[in-house]
Amino acid sequence: MEVAEEAGEAVLAYALAAIADEGAGAGETAAALAALCDVLALSGPDLILAIPSARLAKRLPKLVAAGDGDVPLLAARAMAEACEGAPQWAASFAQHGAVEALRDRLLAVDCIELAEECLRALDTISTECPDECLKGGVAAAVLQFFDFFSTNKQKVALQIVSNIFNDYDEEDAPTVMEAVPALCNLLQSSDKTILESAISCLALVAAGTSENAEHMGKLCEANAVEATMSLMGNEGWKSLSDDTLTGILGLLKNLASISEKAVESLFKLDFCELFKQMITYYSSSNRDNDKVQMLVELIYQLMLPLGASEQHATLVTAKKNVIMGQSIYMNQLASIVALMVQIAKCAALSSLCYNCVAVISNIVELSTPDFLMELQNTVNFSSFLTFLLARKNRHIVFQALKISRAVLEKRQQFFLETFTKEGVKHSIDSIVSQEKNSSHQSKRKNNMNESCLCFDLESSSSGEACRIENNAVMKLAEDIKKSFFSVKGSKKSPHKFGFALKSFRDFFVRLNVHAATPPTENPDSCKQLSDLSRRLLSDELPVTSTFEFVQSGSIKCLSINLSNGAYCNTDLSDGQDLLGHLSEVQSRLQKFASLALTVPNDSSANPLGILVEKLLDTLHMCYDSFPVMLSDEQSTRESMMIPLRYPETQELKSLELKFRRSQREKELRNYNDVLSVDLFSTPDAIEPVLFPQICRRTDQEPAPKNSNQENGANGSTKLGESKNDKMTPVSYPDEGNRSSKLRFLYNGVILQPSATFFESILRLVNKGQSDLLIDPSFWDEEHYITYRKRNRSQEISSESSYNIQLSHVQENLQQAWLKDPFFTAILLGKLPGDLDVSDPSYNLLFMLKVLEGLNRFLYQLLMDEQISKFAEGTLQDIDDLKVAIYPVPQHQFMSSILTNKLELQMQDNLFEGGLIPSWCVYLIETCPFLLSFNTRWKYFCLTAHRSFMTDQVNNSPDQVNNIFDQVSGHSDQVKNPPQTKKYRVSRSAILEGAVSMMTNHGPSSRIVEVEFEGEVGTGRGPTFEFYTTISHELQRAGLGMWRGDNCEDGFIHASFGLFPKPWSSSGTQGIDFSNVLQKFKLLGHLVVRAVLDGRILDIPLSKAFYKIMLEQELDMYDIPSFDPELGKTLIEFQALVNKKKFLETSSRTSNHTAVLSYKNVKLEDLCLDFTLPGSPEYELIPGGSQKIVTLDSLEEYVYLVVDATLKSGIAKQIEAFKSGIDEVFALKTLKMFTEEEMERILCGEQDAWALKNLEDHMEFEHGYDMSSPSIITFLEILREFGREEQRAFIQFTTGAPQLPLGGLALLDPKLTVVRKQCDGNVDDELPSVNTCRHFIKLPPYSSKEIMREKLKYAITEGLGSFHLS
């Protein structure tokens, strides 16, 4: 080693001496340079830096510039080697003319090899010395002969340009502009990397000279707008990379901000239409909030506000002239208004909402009065303004007031009327009165804490003060009120506001009377109410504004009516007649359902749907009740965010809480010390640790044993057994705060026991703000928490006793809907948990929960009513026991704004670290229907999976993320895949192998993969095949698992889905019952593994079984869903039982019951015995096969059949199934989903693919592209497939017969078709697949008929093994 180093030093010394000798010949100098290059290539930075740089840095540039033969080439190479080994050399070379020498050699094009070495040297020099390269004109030089370079060197040239243009000074803009024409020409390149690099360079050009109209004009003259727009046309923007698209939007934004020529070009190219496509795409599924923001900023730059500063006045006028000069341009802007309104209303961030409103404000200002009225036909400005004025963000309110004044100035009479009807006038009056009545400056101070949004849409804003002064909102509101609402002699609005209020109040008065009157006593009253409800709910409600609806008090009136006065009634006690209360609430719900959930023949409008829409509109005005917590990874305007990312190698953030006793507290001791608690800690979690320290003890009482604490050097106290321990949340049962002994307060405000200290303090620090921001000093502060003893009043004990009694009463009820959480809420008159009743969203959440429950149980409610009618004689024929139901589609209960807020919260680092705002948890647990399925599924993946992993094994977040990515179809985000456990099973004993595998590895945190014995396949494909096969095996006849287990072809065919077969203790049926239970436990394991590992089950479970999975109660009305004939008969029998009871109670004699029969047949003549229908071996009572069912015993018979079918007969099977799930994670974590959603999660998408855009979700490679004849034929064949052929094809290509969530669009990896290489006759070959990578190897067949034949044969016969795929 030492000999080699000495030799290297000798060569280096020779080379340096020869290079320094100016009298040496070209050959000797070239040899020395070659030797120097070899040494530099093999040397490390330390050796290169040890070389005397002064003489070499002077000499090499001269040799590049004036050398002969190979000398310039070798000198350029030596510079490149030196700079790459030690970038510090770049500055020395640049100082001695290297930039100019390399540039001149490039322009001379003496030799392509020399030019490429010059590029190599400039690559590093431009990184270290961009200013020297820029001033030296290097950018234009490297692009001068761009086409002569190889593709790799072209990329180097563009990297040099990017280095030079990054953050250049405006004084250098003329030099920069020299390279623009060449860059614009590159936008036609077919090479994706070159195209993206050219766009990136142009974006840097525009960013550096965004204030210079002349230079921006040159960009426009170079057709930069046309070139970039052509790339995005015909949905080309979907194929661009994220960085490229961001670069294009940034480029267009900067061009539009300073150049009216760019604005005109964008209008000519109909940018507004492209804008609508893109923003709809990115906002519809929360794909990319940053893109939405950029698009809004770009559209804003098309028309700066008319009141802009004087320096922009000329530009504003020029842009206005462009827009107003062509009516088609105004029409283009008009086409986006409705979309902008929708985005503003659904925006999860105040900044995005503000930006949208600013755009709308500009369009309104540009509009003529007549044009404004045309806009009003598509957008209800008044309703939108009421929504905005309900916000607490003063920037949004100020913009809303500006729009209000603008529209009043243009069409005063019309908008005065609509402002009254929609509540704008009321809101403005409220703003004025609130501002005047606000004491001191507290409210204003809070408002001033919000981040300024004034400059979000402008490029130059640093250091400027907020444009909205402290009292600007009040001044503008007062001006509007004085100028428009208080004009003497103005005509009074003809709007019938009072009439609307009276109609609603009259309706509820009559509804209360109706609820207390049996329909048989006053049929005329029933008809009058029905007519009134039709007119009110179907005719007047749709045209009633949200403001009128709220002001009428309808929400509270309806809540009080349906709850029989229990709503928000604190006087409920155990003295109340529980059964009577329950019966009355049941009756009221049924009567309201018949009014609001039935649709008249001449109307397609569903009254309940309209009511839900009004409630959601009102809920969206409570925007600030659901604040998002924002971390530091946001835009510069949102810089004060919460740094809550939790790297595994770093200690988690903690809060310093100083607890002190309330001044009036006498029973507790003063703690007066600081506790360092983690961000998950709640008052409920802290209390068990703190209370023993502050509880006064007598001398005889021992000190608390579990009070682990230690004092830190700074005087603070860490809780736990070691210094690194943090307080962790303690799990409490529901209503756990009822056992709390302490109340905690911050600045005099009582803290919610279940919310974290972190969230509570953050909310109070940012009181009244929508987006919770935090100053860095927040972490250094000691936050003072006051504690006092909680007063256990008699009221709470009474209420608790009442709740316990109610729970016991509900347990004995037969109807499932009477045990549902929505019914419990209406009985108690309050929502579960400790949600603040005074919050404006409370009434709305309560009523939405009740209406969603009514909608879900519509069939049960109306059938109960039909049975009552039959019993009372108003319905004569038992065959008429039918109901036509028109439920509101579940998606209509979904709140777009809450969904977007939770989506944003889940993207934030706070959520990734495991900290979830309390409102997120509350909505998921109490009102999951308000959130979209995709959002809830993502929430489930980020929370339930994480809990599962933590409980079982100390897994890394990357392992959890991998599972989430698998089930959501985004595996590209995986960092470190979790360990997989491979398990080998035999196809001949697959059930036994599955039981063994799940017993040993079911609860494991590892992903389980399967291999089949004797087969070469491994990985994803065989694993999916295993889940499919085992699903089929569990459907075999003779297992004793399912109803209808009497099939002759070996498998159970359940048209209405599989449901457990009842088992009695007496009948063995020739099957070991323990084996049945084992298989149900296996099914539970399969379900949970399928959810966790992203697998697909091919098992048609019934809706009723999914309800069991979701821990919902079943009753008689669920039986028709899996056995229609039995269910129908039982309902008719129950109607007969009710009729018998009614006749017995309404008549003194029993003669009336003597004539009762079932469809003109006496019960005895039906020869029914007390055995389970379809299972004669199952006796409902001892000796039941010998006991005939009579009219007197019919009630008992119906009860026993329902009990055996849904409860006692399947109890052990269900217990086994649930135990299989509970071994992995709590079953209740699935309750956020509906039955239909659970089927999608477990069994994939029922619709295989969308025929129109099939090719959009597939890739074609290795010999094929979209236009290949074989691909065109292949797609035609797929579109012609029927459902079973689609299933076979999907199983052939993926291993499972159904696609996962999201369908073909989210299949990961994408379905890829490649050309199969064939040795012989291509028409003799079969297609083959790689199921793990979703590769289809398709031969180029000679005809469509042959391709169809071979494809069908392959998908039919190629299943069941993994040998040569």
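Keep in mind that this is a model prediction, so the values were computed, not measured. Residues take their numbers from the sequence shown, with the count starting at 1. Note: hydrogens, waters and symmetry copies are ignored here, and every other heavy atom, side chains too, is used.
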Are the side chains of Leu898 and Phe626 in touch, meaning some heavy atoms are under 4.5 Å apart?
-> yes
Does the side chain of Phe823 come within less than 4.5 Å of Phe857's, by heavy atoms?
-> no
With a 3.5 Å cut-off and no angle check, do the side chains of Thr1312 and His1334 form a donor-acceptor pair?
-> no
Would Tyr1117 and Trp817 count as a close aromatic pair, with their ring centres under 6.0 Å?
-> no
Identify the heavy atoms of Gln892 and Val612 that sit nearest to each other, and give their distance.
-> O-CG1, 3.6 Å
Decide side-chain contact (heavy atoms from CB on, under 4.5 Å) for Leu845 and Leu930; before the verdict, give the C-alpha distance in whole Å, the side-chain angles of both, and the deciding distance to 0.1 Å.
-> CA-CA 9 Å; Leu845 292 176; Leu930 289 173; 3.5 Å; yes
Side-chain donor-acceptor pair under 3.5 Å between Thr1023 and Glu1009, yes or no?
-> no
Where is the tightest heavy-atom contact between Phe1289 and Ile1336, given as atom of each residue plus distance?
-> CZ-CD1, 3.5 Å
Are Glu852 and Gln890 close enough that a side-chain donor and a side-chain acceptor fall under 3.5 Å?
-> yes
CZ of Phe1024 to CD1 of Ile1096, rounded to nearest 0.5 Å, is 5.5 Å
Pair Ser1219-Glu1223, side-chain donor/acceptor within less than 3.5 Å = no
So, the side chain of Lys982 versus the backbone of Val1008: is there a donor-acceptor pair under 3.5 Å, distance only?
-> no
List for me each residue that meets side-chain hydrogen bond (donor to acceptor under 3.5 Å, both in side chains) alongside Thr1294, sequence neighbours excluded, and say none if there are none.
-> none
When every non-hydrogen atom of Ser895 is compared with those of Leu616, the smallest separation belongs to CB-CD2, 4.1 Å
Pair Lys238 + Glu235: basic N to acidic O under 4.0 Å | yes
Mind listing the closest non-hydrogen atom pair of Leu1242 and Val1087 along with its distance?
-> CD2-O, 3.6 Å
Hey, does the side chain of Asn855 reach the backbone of Val888 with a donor-acceptor pair shorter than 3.5 angstrom?
-> yes
Between Ala344 and Cys356, the two heavy atoms sitting closest are CB-CB, 3.7 Å
Is it true that Lys1231 and Glu925 make a salt bridge, defined as a side-chain N closer than 4.0 Å to a carboxylate O?
-> no
Do the non-hydrogen side-chain atoms of Lys345 and Ile897 ever get within less than 4.5 Å of each other?
-> no
Donor-acceptor pair, side chain of Asp820 and main chain of Phe822, under 3.5 angstrom = yes
Does Met1232 offer a backbone N or O that forms a donor-acceptor pair with the side chain of Arg936 under 3.5 Å?
-> yes
Atom CD1 of Ile1290 and atom CG of Asp1098: how far apart are they, to the nearest 0.5 Å?
-> 10.5 Å
Contact check, side chains of Phe929 and Arg856, non-hydrogen atoms, under 4.5 Å | no
Going by atom type alone, with no hydrogens or angles, which donor-acceptor pairs under 3.5 Å involve a side-chain atom of residues 1100-1114 and a protein atom two or more places apart or on another chain?
from: Ser1102; atom 1: OG; to: Leu1058; atom 2: O; distance (Å): 2.8
from: Ser1102; atom 1: OG; to: Phe1105; atom 2: N; distance (Å): 3.2
from: Lys1107; atom 1: NZ; to: Asp1118; atom 2: OD1; distance (Å): 2.7

Nearest 0.5 Å please: distance from the CD1 atom of Ile1030 over to the NE2 atom of His1085.
-> 13.5 Å
Determine, for Arg763 against Glu759, whether the closest basic-nitrogen to carboxylate-oxygen distance falls under 4.0 angstrom.
-> yes
Indicate, with yes or no, if the rings of Trp919 and Tyr922 have centres closer together than 6.0 Å.
-> no
Does the side chain of Arg1089 come within less than 4.5 Å of Met998's, by heavy atoms?
-> yes
Could you give the distance from CG (Leu295) to OH (Tyr282), rounded to the nearest 0.5 Å?
-> 7.5 Å
Report yes if some heavy atom in the side chain of Tyr939 is under 4.5 Å from a heavy atom in the side chain of Leu931; otherwise report no.
-> no
Please walk me through it: do Thr935 and Phe940 pass side-chain contact (heavy atoms from CB on, under 4.5 Å)?
-> CA-CA 9 Å; Thr935 299; Phe940 174 82; over 6 Å; no
Locate the shortest heavy-atom distance separating Trp937 from Val1091; write the atom from each residue and the value.
-> CH2-CG1, 4.1 Å
Do side-chain atoms of Glu1239 reach the backbone of Glu1235 as a donor and acceptor pair under 3.5 angstrom?
-> no
Partners meeting side-chain contact (heavy atoms from CB on, under 4.5 Å) with Met894 (sequence neighbours left out) = Thr899, Ser932
Looking only at side chains, do Thr1028 and Gln1291 share a donor and an acceptor under 3.5 Å apart?
-> no
Could you walk me through whether Leu619 and Ser841 pass the side-chain contact (heavy atoms from CB on, under 4.5 Å) test, one step at a time?
-> CA-CA 6 Å; Leu619 181 66; Ser841 66; 3.9 Å; yes
Atom CD of Gln1286 and atom CZ of Arg1283: how far apart are they, to the nearest 0.5 Å?
-> 6.0 Å
Heavy-atom check, side chain of Met1238 versus side chain of Cys1243, under 4.5 Å = no
At what distance, to the nearest 0.5 angstrom, does CG of Asn900 lie from CG of Leu349?
-> 10.0 Å
Is the side chain of Trp237 donor-acceptor paired with the backbone N or O of Met278 at a distance under 3.5 Å, no angle test?
-> no
With ring centroids as reference points, do Phe1217 and Phe1080 lie under 6.0 angstrom apart?
-> no
For Tyr983 and Phe1026, what are the C-alpha separation, side-chain angles and deciding distance, and is it a ring pair (Phe, Tyr, Trp, His ring centres under 6.0 Å)?
-> CA-CA 11 Å; Tyr983 202 91; Phe1026 164 77; 8.6 Å; no
Give the intermediate values and the outcome of side-chain contact (heavy atoms from CB on, under 4.5 Å) for residues Lys1310 and Met1258.
-> CA-CA 6 Å; Lys1310 280 191 172 242; Met1258 301 173 71; over 6 Å; no
Report yes if the side chains of Thr1293 and Phe1335 come closer than 4.5 Å at any heavy-atom pair, otherwise no.
-> no
